[in-house]
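The block underneath contains the structure these notes are about, expressed in structure tokens.
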Amino acid sequence: MKILLVEDDEYLAQLLNQYLSDRNYIVDVAVDGESGLNYARTFDYDVLVLDVVLPKLDGITLCKTLRSEHYQMPVLLLTALDNSRDKVLGLDAGADDYVVKPVGLEELLARIRALVRRGRYSRPPILTWGPLQLDPATCEVTYDSRPLSLTPKEYALLELFLRSPTQVFSREVIIEHLWSLEEPPTENTLRAHIKGLRTKLKAVDAPPTLIETIYGVGYRLQDYEDAPSPTKTGQESGNNTTLNAIQALWQRIKPNVLKRVDLLEEGISALAARDESLQGTARQEAHKLAGSLGTFGYHYGSSLARNIEEMLVQERDFSQSQIDQLQRWLVELRQQFQRHPTAAMPEPPTLPDPEQRRLLIVDDDRLLAEQIAEEAETWGMDVKIATTVQEARPAIVTYSPGLILLDLNFPEPGEDGLMLLEELARNRPEIPVVVLTVRDSFQDRLSVSRLGSQAFLQKPLPMPQIMEVAMEVIQRSHTAAKVLIVDDDPEELQGLKTLLSPWGLELEALDDPRSFWQSLELFMPDLLVLDFEMPHYSGIELCQVVRNEPQWRKLPILFLTAHTDSATVDRIFQAGADDYVSKPISGPELISRLFNRLERTKLLQNLAELDALTGLANRRKSSYDITNLLRIALRHDRPVSFAMLDLDHFKPVNDTYGHATGDLVLHRFGEMLRESFRADDVVGRWGGEEFVVVMADTDAASAVDRLSQLLQQWRSHEFLLDDEVCLKVTFSAGVAQFPQDGDDLPTLYRHADRALYRAKEAGRDRVFSYDPQTDC
């Protein structure tokens, strides 16, 4: 059982930690409120014991923040503040118990046991709508932490609204829920209870229209985004950035959507007048509305538009009843826009800083951990070691690792690597984990895989192999993917861009499929998203064209389609697609499918195409990319510079300082090359200490200048080795320009290589361009 103790009194914290640990509790200690909040957000605890007066963040605010984020673990406030007002503040903040210091250890333990017996899972969730909270377990209602005293019927009314906060309740439905059949109230009675509830809410400064009247329909809770929200915290705002962006976009494009509804109405009115000339236009508008409305949270509106589209597709001679049905759907569709959308948007994770290659090794074998750490440092990583799971928890909070290398076995009772992996999967999924263990059962592999581990390695394993996997996982985790989306609906494209941009994706949106091939070659996406139905070229046709081109055969393709019948799905997969998402688009589903596909594809590509030591493309991959770059440059009559680079006197580095030092030099050089060139350029390792850099839209003179600046930067790079040895390494380079010095890859390579040898013969540590007179 785990307890988080947040106490700034060092001696009291030590005493309580020791006392509770002796009784088999697992205790984490935080010495200030901010750390305590980070611990509580990162790991699961059975009980929180909080001091009230804490540095950085007091216990009351900490408790209130956790409750506002729907954390339900029992909280015990332990404080020297003993007046009634403090106790009320603490309990209203969401604490389950309030204990005044000094307290006997046995009494404190008994209170903790009582809280645990009560159990957080037995508590129903606190119902929240902005600052309004209702706790069904205690029947307490607060607005902005101010308590409300309600009659039983007012309480029941408010609970009904809070359990379905976006629903409009008719008077009949409310009466059915809250009154017995034998004693039905009059409508005046119901209005009196609503009025009483509004009066009490107003008394605690809630908006007067928080209980909103929908005339002719019933009552509902007003969207609290519309209401004044002085108590809304920065954290709450931060957690809804994606949703806010979607809603802001909706406000911008709403006039365009309403124009579409107008066109749809014109078409239906024409049908009512027996004029079918606008039926096709109306069907197209209904189709676009069906696809785009779901992205903005109008799922029912999308369903209505889909009904209209299907009837317009299937029917020719409309009966009066069908016309009446179309018009009813249209009226209902317009009514949808009178309410706010209810899109559910997952928030993107906060990724570790990619510049900080921090490795946390969690292994009770300290000797092995130190050996791995020594190897990792030669690969340019910062390393921290934790020999117990309990030691790892604070390290995860304070160290913010970019990768965790985790053993599964630990000798201490109650500690297990799978337990920590489960906590990380639930609370910190953005941190990749590689498991390194002696265990090899299928069940272990299955469990680790289900918990999202990036790799399963079995001890013993050579250090370089461990680091190759670790580097591959880190590079994969921090590589931004490029996604090309083709959809003829501009509003749908804007919605998708707003939804996906916060996830670190580089997006290209194309609304005209006639420009598809040009966009594909210029943007070079990692994943292609195609609408199924588009003018000029369908998604199926574009998918087939992509699959017929050898260069793009492995490009993952995901379809967006409103048609999910088996025949359409068969056509999608027969054309070569990898997956599909049905419209109306669900944000969480799209993100999940998109990242699953990217993850799998990148893993396979990296294994086949990346050099593990430097993170650069290998010879085969970079040759392919260079050929494609030359082809595009020829088409657009643009220059390209091809450069060969060699590290100077590299063999003596290996011979004198060892291969570990040589690997470190290669790794740092590859890292510098990756960071120094554009995404349109090609950088690869062609073997040993030989590298290639191909710069798009760059002539030879500019390439020499760029490489000379890079050489100057590399000269200043020092490798501090043992015995206070300071190692510096230089490089030489030769440059050839396309197409003047060669119009294909073999010729450019040969000429750049001759310039490189001339640079070496001139004393190395310099960059030369190809000279036909000298290098022939």
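It should be emphasised that the depicted structure is a prediction, and the values quoted were computed from it without experimental measurement.
With respect to Asp512 and Arg514, a salt bridge is recorded, a charged nitrogen being found less than 4.0 Å from a carboxylate O. Note on Arg260 versus Asp489: salt bridge recorded, some NZ/NE/NH1/NH2 to OD/OE distance being below 4.0 Å. Of the charged side-chain nitrogens involved, none lies within less than 4.0 Å of a carboxylate oxygen, so that Lys497 and Asp511 do not count as a salt-bridged pair. One finds a salt bridge joining Asp262 and Arg334 here, because a Lys/Arg side-chain nitrogen approaches an Asp/Glu carboxylate oxygen to under 4.0 Å. Ion pairing of Asp526 with Lys482 is absent here, as no side-chain N (NZ or NE/NH1/NH2) approaches a carboxylate O to less than 4.0 Å.
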Check against side-chain contact (heavy atoms from CB on, under 4.5 Å), Arg571 and Phe559:
CA-CA 11 Å; Arg571 286 185 64 200; Phe559 263 80; over 6 Å; no

Under the criterion side-chain contact (heavy atoms from CB on, under 4.5 Å), I'd like the reasoning laid out for Val261 against Leu330: C-alpha separation, chi angles, the key distance, then a yes or no.
CA-CA 8 Å; Val261 179; Leu330 189 62; 4.0 Å; yes

Derivation and outcome, side-chain contact (heavy atoms from CB on, under 4.5 Å), residues Leu510 and Ile485:
CA-CA 6 Å; Leu510 180 65; Ile485 308 173; over 6 Å; no

Let's go through Tyr143 and Leu148 carefully: what are the C-alpha distance in whole Å and the side-chain angles of both, what is the deciding distance for side-chain contact (heavy atoms from CB on, under 4.5 Å) to 0.1 Å, and is it a yes or a no?
CA-CA 7 Å; Tyr143 183 85; Leu148 279 85; 3.8 Å; yes

List the steps, then state whether side-chain hydrogen bond (donor to acceptor under 3.5 Å, both in side chains) holds for Gln320 with Asp324.
CA-CA 6 Å; Gln320 187 56 48; Asp324 292 343; 2.9 Å; yes

Test log, rule salt bridge (Lys or Arg N to Asp or Glu O under 4.0 Å), inputs Lys259 and Glu266:
CA-CA 10 Å; Lys259 286 179 184 174; Glu266 286 178 22; over 6 Å; no

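At most 12 non-hydrogen atoms from other residues, nucleotides or ligands lie less than 6.0 angstrom from CD of Gln518.
The two atoms that bring Trp329 and Leu304 nearest to each other are CD1-CD2, 3.7 Å, heavy atoms only. Closest non-hydrogen pair, Leu264 versus Ala282, comes out as CD1-O, 3.3 Å. What you find for Cys543 and Ala577 is that their closest heavy atoms are SG-N, 3.7 Å. Ser319 and Ser321 get closest at one heavy-atom pair: OG-OG, 3.0 Å. Nearest heavy-atom pair, Ala206 versus Leu210, reported as atom, atom and distance to 0.1 Å: CB-CD2, 4.2 Å. When every heavy atom of Pro535 is checked against every heavy atom of Pro513, the shortest pair comes out as O-CG, 3.2 Å.
Residues satisfying the side-chain contact (heavy atoms from CB on, under 4.5 Å) test with Thr151, not counting sequence neighbours, are Lys153, Glu154, Lys200. Remark: Glu521 pairs with Trp517, Arg631, Ile632, Arg635 by the side-chain contact (heavy atoms from CB on, under 4.5 Å) rule, at least two apart or across chains.
No donor-acceptor pair under 3.5 Å is formed between the side chain of Ser538 and the backbone N or O of Met534. Without hydrogens or angle criteria, Glu549 side chain to Val546 main chain gives no donor-acceptor distance under 3.5 Å. Formation of a donor-acceptor pair under 3.5 Å by the Asp487 side chain with backbone atoms of Asp531 is not found in this model. Distance alone, capped at 3.5 Å, is enough to place a donor-acceptor pair between the Arg547 side chain and the Leu555 backbone. Side-chain atoms of Gln279 come within 3.5 Å of backbone atoms of Leu312 as a donor-acceptor pair (strictly under, hydrogens ignored). One N or O on the side chain of Arg678 and one on the backbone of Ala696 form a donor-acceptor pair closer than 3.5 Å.
The shortest side-chain heavy-atom distance between Tyr219 and Leu197 does not fall under the 4.5 Å cut-off. In this structure the side chain of Tyr580 never reaches within 4.5 angstrom of the side chain of Phe532, judged on heavy atoms. In this structure, the side chains of Leu527 and Val529 come closer than 4.5 Å at one or more pairs of heavy atoms. Between Leu496 and Leu560, the closest side-chain pair of non-hydrogen atoms falls below 4.5 Å. With a 4.5 Å cut-off on side-chain heavy atoms, Gln327 and Ile268 count as touching. In this structure the side chain of Leu201 reaches within 4.5 angstrom of the side chain of Ile211, judged on heavy atoms.
In summary, the side chains of Arg328 and Gln325 do present a donor paired with an acceptor at a separation below 3.5 Å, with no hydrogens or angles considered.
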